[in-house]
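Just so it is clear, the values below take in all heavy atoms, side chains as well, and ignore hydrogens, waters and symmetry mates. Keep in mind that this is a model prediction, so the values were computed, not measured.
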Amino acid sequence: NNPQNPVEQVSWNDAQAFCRKLSQITGKTYRLPTEAEWEYACRAGTTTRFYFGDDANQLGDYAWYDGNSQDKTHPVGQKKPNAWGLYDMIGNVCEWCEDNWHDSYENAPRDGSAWLIKDKGLQIARSSCWRRSPYNCRSACRDRTGPHANFDNLGFRVVCGAGRTL
């Protein structure tokens with residue numbers, strides 16, 4: 001109910017349709033980030049638990065999570081960004097990625113491209129959300145759900161002009 005909030009309650013299928021339509025309208029290529037791209041962007045060159053370090057006590061400065069969200073999404077950009085200026089990479093809403101779910105990274109593409117060999121009929125969602133604990137706000141946190149799911153803590157961001165064309 002606030003245009004400054006992240007989009008939510010959007011299925012992976014609907015996010016894909018949005019990217020196709022936006023690409024048609026603009027003539028540019030829009031798509032969901034691959035899981036590898038998402039984590040690379042989230043970490044912003046760090047190797048720590050969170051993109052701001054290892055101290056979970058600082059999480060409230062960077063993310064909306066179960067300890068400060070009042071059980072709802074919040075306008076984007078109210079918390080500190082990561083080192084590359086990206087806001088809400090952790091917290092607020094989980095974000096769809098292009099890839100299909102795999103239990104491990106064994107045999108994953110090494111070039112950052114999407115891993116699209118379906119083995120369970122599930123899609124990747126990265127980040128955490130307003131209802132999750134600090135543990136789930138780690139840069140490495142990953143989850144899976146069906147491509148038709150449209151939960152109130154699940155949204156997406158897009159990549160423009162990089163990688164494959166639609």
Answer yes or no: is there a donor N or O on one side and an acceptor on the other, between the side chain of [X] and the main chain of [Y], under 3.5 Å?
X	Y	value
Asn82	Leu86	yes
Asp99	Ala114	no
Trp12	Leu122	no
Ser11	Asn150	no
Ser69	Trp130	yes
Arg43	Thr48	yes
Trp101	Gly146	no
Lys79	Gly60	yes

Check: [X]/[Y] side-chain N/O donor and acceptor closer than 3.5 Å:
X	Y	result
Thr73	Glu8	yes
Glu95	Trp38	yes
Gln4	Gln78	no
Asn13	His148	yes

Heavy-atom closest pair, residues [X] and [Y]:
X	Y	value
Cys137	Ile90	O-CG2, 3.1 Å
Ala63	Gly91	CB-CA, 4.1 Å
Pro81	Tyr62	O-CE2, 3.8 Å
Thr34	Ser113	CG2-C, 3.7 Å
Trp96	Thr145	CH2-CG2, 3.0 Å
Pro75	Asn2	CG-ND2, 3.8 Å

[X]-[Y] co-clustered via ILVMFWY side chain contacts under 4.5 Å:
X	Y	result
Leu22	Val10	yes
Val7	Tyr87	no
Leu32	Phe151	yes

So how far is it from [X] [atom1] to [Y] [atom2], rounded to the nearest 0.5 Å?
X	Y	atom1	atom2	result
Asn68	Asp71	CG	CG	10.5 Å
Thr46	Arg49	OG1	CZ	12.5 Å
Ile124	Glu39	CD1	CD	10.5 Å
Asn136	Ser128	CG	OG	7.0 Å
Cys97	Arg157	SG	CZ	10.0 Å
Tyr65	Ser127	OH	OG	14.0 Å

Exercise. Is the closest basic N to carboxylate O distance between Arg126 and Glu37 below 4.0 Å?
Worked result: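 Between Glu37 and Arg126 there is no salt bridge, as every charged N stays at least 4.0 Å from the carboxylate O atoms.
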
Exercise. Thinking salt bridges, do Arg132 and Asp143 make one under a 4.0 Å N-O criterion?
Worked result: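 Salt bridge present between Arg132 and Asp143.
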
Problem set entry | Criterion side chain to side chain contact (heavy atoms under 4.5 Å, CB included) on Arg138 and Phe50, from CA distance to verdict | CA-CA 5 Å; Arg138 296 169 297 118; Phe50 309 101; 4.2 Å; yes

For this session: Please report the C-alpha distance between Asp152 and Arg131 in whole Å, then the side-chain angles of each, then the deciding distance to 0.1 Å, and finally whether the salt bridge (Lys or Arg N to Asp or Glu O under 4.0 Å) criterion is met.
Result: CA-CA 10 Å; Asp152 63 355; Arg131 70 166 52 138; 2.8 Å; yes

Exercise. Quick one: does Tyr30's side chain get under 4.5 Å of Thr26's, heavy atoms only?
Worked result: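 A side-chain contact exists here, since the closest heavy-atom pair is under 4.5 Å.
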
Exercise. Parallel, tilted or perpendicular: which describes the rings of His74 and Trp64, with under 30° parallel and over 60° perpendicular?
Worked result: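 Plane angle under 30°, so parallel.
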
Exercise. Taking the inter-plane angle between the rings of Trp115 and His102 on a 0 to 90° scale, is it parallel (under 30°), tilted (30 to 60°) or perpendicular (over 60°)?
Worked result: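 If you compare the ring of Trp115 with that of His102, the planes turn out parallel.
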
Exercise. For Tyr135, does the OH atom have more than 12 heavy-atom neighbours from other residues, nucleotides or ligands under 6.0 Å away?
Worked result: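 Incorrect, the count does not exceed 12.
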
Exercise. Taking the six-membered ring for Trp, is the centroid-to-centroid distance between Phe18 and Phe156 below 6.0 Å?
Worked result: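 Aromatic pair counts; centres sit under 6.0 Å.
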
Exercise. Tyr105 ring centre to Arg142 NZ or CZ under 6.0 Å, with the angle to the axis within 45°?
Worked result: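 Because its charged atom sits under 6.0 Å from the ring centre and within 45° of the axis, Arg142 does stack over Tyr105.
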
